[in-house]
Each structure stands twice: as C-alpha cells, then as structure tokens.
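Counting begins at 1 with the first residue of the sequence. Excluded from the calculations below are hydrogen atoms, water molecules and symmetry mates; all remaining heavy atoms, backbone and side chain alike, are included.
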Amino acid sequence: MIKLIYFKTDFKRLLREPVMALLFLVPLLIPVLLRMVVEYLIPFAQTYVAFDITPYHSYFLSFTLIIVPSLLGIVMGFMLLDDKDGHIAELMSVTPLGINLYLAIRLGFVSAFTFVYVIYSYYIFGMMLIPFWTLLFLAVLLSVHGAALGLLLFLVADDKVKGLTYAKGLNLVILFAFADLLKLNWVRGLAMAFPPYWITRIIMHPWQITALAAGAAAHLIWIVVLILFFKRSLGRR
C-alpha cells in the first residue's frame, strides 16, 4: 500500500516537470521512429545504394531496447537528486521504513516502467523475432540497468542541472552495445564490463548460456556496487 502511494506521487511529480515528462514519454516514440527508418527510409535509400541491413537488425533492436532504461534511468536519477536537495533519503534512513524501503520504492518505480516499456518497444519495432522468454529476461536486465543508471547519476551529480550534463556522458555506454562491429579485441574486452554489450549479445545468441549468465552477472555486479556506494554516500552526509 505504501509503495502504491509513492508510485502515484512520483508519477504525478514527474508529469509536472517538463524535462522529466519528456524523458519519460520519449521512449514510447523511439521504436515507432526506428521502425519507420528500417521499414521505409532505408529501403528508399537502397534504391540508390545497394546494401543489406538484415544482419544489423539485432543492433537496431538492441538500441531500441537499451534507450528505454537510458532515459528512464535519468528520470529516476532526477528524482533522487530532488530527494538529495530535500534530504529525503537521510530522513528515511532514520525512520522505521528505513533506507531499504526507500530504495525499493525508487528502484521499483523505474524498473516497473522500464519492464513495460521494453516489452512495448520490442513489439512496436517488430523487425526481429526473439524467444519470448529471452524478451522477458532482457526486460529484467534492462530494468536493472535503468535503476543502476539512476543511482550512478545520483552519485556523480550534485543537482539536476549537472545531472543533465552528466547523463549525456553516462549514456555513452550505449556505444558498447555495438562493440562487436569494430572487430577489435580490446574494444570487445572493455565492452564486456558494461551491461549494454550483453544486451546485444543475448539478442544475437538467445540460446547461449554463457551470454545469459555473463549478462546477468554484469548487471548484478553494477547494481549491487552502486547500491553499496549509495548507502555509503548517505553515511558521509
């Protein structure tokens, strides 16, 4: 019941702020635009230049899905930064509800919407088929990714103005999703430490147990480490 009340409050708050509302709604438009590009614009271009984009559908799908937590994570980061200004997290840490419930509410908010948005984006994009269970697995991983990005934004930024600047840099990790295109071992090795790489890998190899396990491990390590740093940051205030 408490979580539901906070969900409603957070939803109303983000819709009142234009930047947050825009970041929250843009992921609904991106799969539509990308499908139009792949289905109409690229075939039109192919009448002038002969090239086959079919092998790259997995990268288009990967970008379509990864952009969801990349934007919703910023929304959560902004909420956390608002709470930082109001010392909400510190106050919650000394109440019977505790910091764990506070984190569950904040992380649960972005994770729930990310999960739904990812499923929506997959079916709207509709240019590549993957097993349904793989889609659910990716939705869970991307929900964790969104929560991790929000925590990271909280840790590196002092306010929402700086947060918007830092968010642009943090979202450059999306590029790791395309690391295999460069066919450079050192780039691939670096990309493996970041969640976006494994999203593409799982899309391309949905039955590969090592990709599924490594992807889950990468997301888990990031979220656990960031939660620990988040709690430690509250202890220093």
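Ser58 and Met128 make their closest contact through CA-SD, 3.4 Å (heavy atoms, listed as atom of the first residue, atom of the second, distance). Pro69 approaches Leu149 most closely through the heavy-atom pair O-CD2, 3.7 Å. Listed here is the closest heavy atom pair of Ile74 and Ala167: CD1-CB, 3.6 Å. Minimum interatomic distance between Leu226 and Ala148 (heavy atoms only, all atoms of both residues): CD1-O, 3.2 Å. Shown here for Leu141 and Ala216, the closest heavy-atom pair between the two residues is CD2-CA, 3.8 Å. Taking each heavy atom of Leu71 and Leu23 in turn, the nearest pair found is CB-O, 3.8 Å.
Proximity of a side-chain donor or acceptor of Arg106 to a complementary backbone N or O of Leu80 within less than 3.5 Å is not detected. A donor-acceptor pair under 3.5 Å links the side-chain atoms of Ser143 to the main chain of Ser111, judged by distance alone. Between the side chain of Trp198 and the backbone N or O of Leu212, no donor-acceptor pair lies under 3.5 Å. A donor-acceptor pair is defined here as one N or O able to donate and one able to accept, closer than 3.5 Å; such a pair exists between the side chain of Trp222 and the backbone of Ala193.
Looking only at side-chain heavy atoms (C-beta outward), Ile67 and Asn171 stay at 4.5 Å or farther from each other. Counting heavy atoms from C-beta outward, Tyr197 and Asp180 have side chains that approach closer than 4.5 Å. A heavy-atom distance below 4.5 Å is found between the side chains of Ile119 and Phe115. Put simply, the side chain of Phe137 does not reach to within 4.5 Å of the side chain of Pro206, judged on heavy atoms. Between Leu103 and Ile227, some side-chain heavy-atom pair lies under the 4.5 Å cut-off. The side-chain heavy atoms of Tyr120 and Val68, taken from C-beta on, include no pair separated by under 4.5 Å. Considering only heavy atoms from C-beta on, Leu129 comes within 4.5 Å of Tyr122 through its side chain. Annotation: side chain of His145 is not in contact with side chain of Leu65 (no heavy-atom distance under 4.5 Å).
Linking ILVMFWY side-chain heavy atoms closer than 4.5 Å, directly or via other members, places Phe229 and Tyr166 in a single hydrophobic cluster. Under the 4.5 Å side-chain heavy-atom criterion for grouping Ile, Leu, Val, Met, Phe, Trp and Tyr, Leu182 is not connected to Leu172 through any hydrophobic cluster. In this structure, Ile30 is not a member of the same hydrophobic cluster as Leu175, with clusters built from ILVMFWY side-chain heavy atoms closer than 4.5 Å. A continuous path of Ile, Leu, Val, Met, Phe, Trp and Tyr side chains, each step under 4.5 Å between heavy atoms, connects Val32 with Tyr123, placing both in one hydrophobic cluster. Phe154 and Val224 fall within a single hydrophobic cluster, where Ile, Leu, Val, Met, Phe, Trp and Tyr side chains are chained together by heavy-atom contacts under 4.5 Å.
Distance check: Leu61 CG to Thr200 OG1 gives 8.5 Å after rounding to the nearest 0.5 Å. Going from atom OG1 of Thr210 over to atom NE2 of His205 covers 9.0 Å, rounded to the nearest 0.5 Å. Atom CD1 of Ile199 and atom CD1 of Ile202 lie 5.5 Å apart (nearest 0.5 Å). Rounded to the nearest 0.5 Å, atoms CG (Leu190) and CG (Leu184) are 11.5 Å apart. Rounded to the nearest 0.5 Å, atoms CZ (Arg188) and CE (Met192) are 6.5 Å apart.
In this pair, Tyr117 and Phe24 present their aromatic rings tilted. The plane angle is within the 30 to 60° band. Relative ring orientation between Phe125 and Phe60 is described as parallel, the plane-to-plane angle staying below 30° on a 0-90° scale split at 30° and 60°.
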Next item on the list: Would you please test Leu153 and Leu170 for side-chain contact (heavy atoms from CB on, under 4.5 Å) and show each step?
Entry: CA-CA 8 Å; Leu153 191 60; Leu170 294 176; 3.9 Å; yes
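In the displayed structure, Trp133 atom CH2 is contacted under 6.0 Å by more than 12 heavy atoms of other residues, nucleotides or ligands.
The only member of Leu81, Leu107, Thr114 that meets side chain to side chain contact (heavy atoms under 4.5 Å, CB included) when paired with Met76 is Leu107.
The distance between the ring centers of Tyr59 and Phe63 does not fall below 6.0 angstrom.
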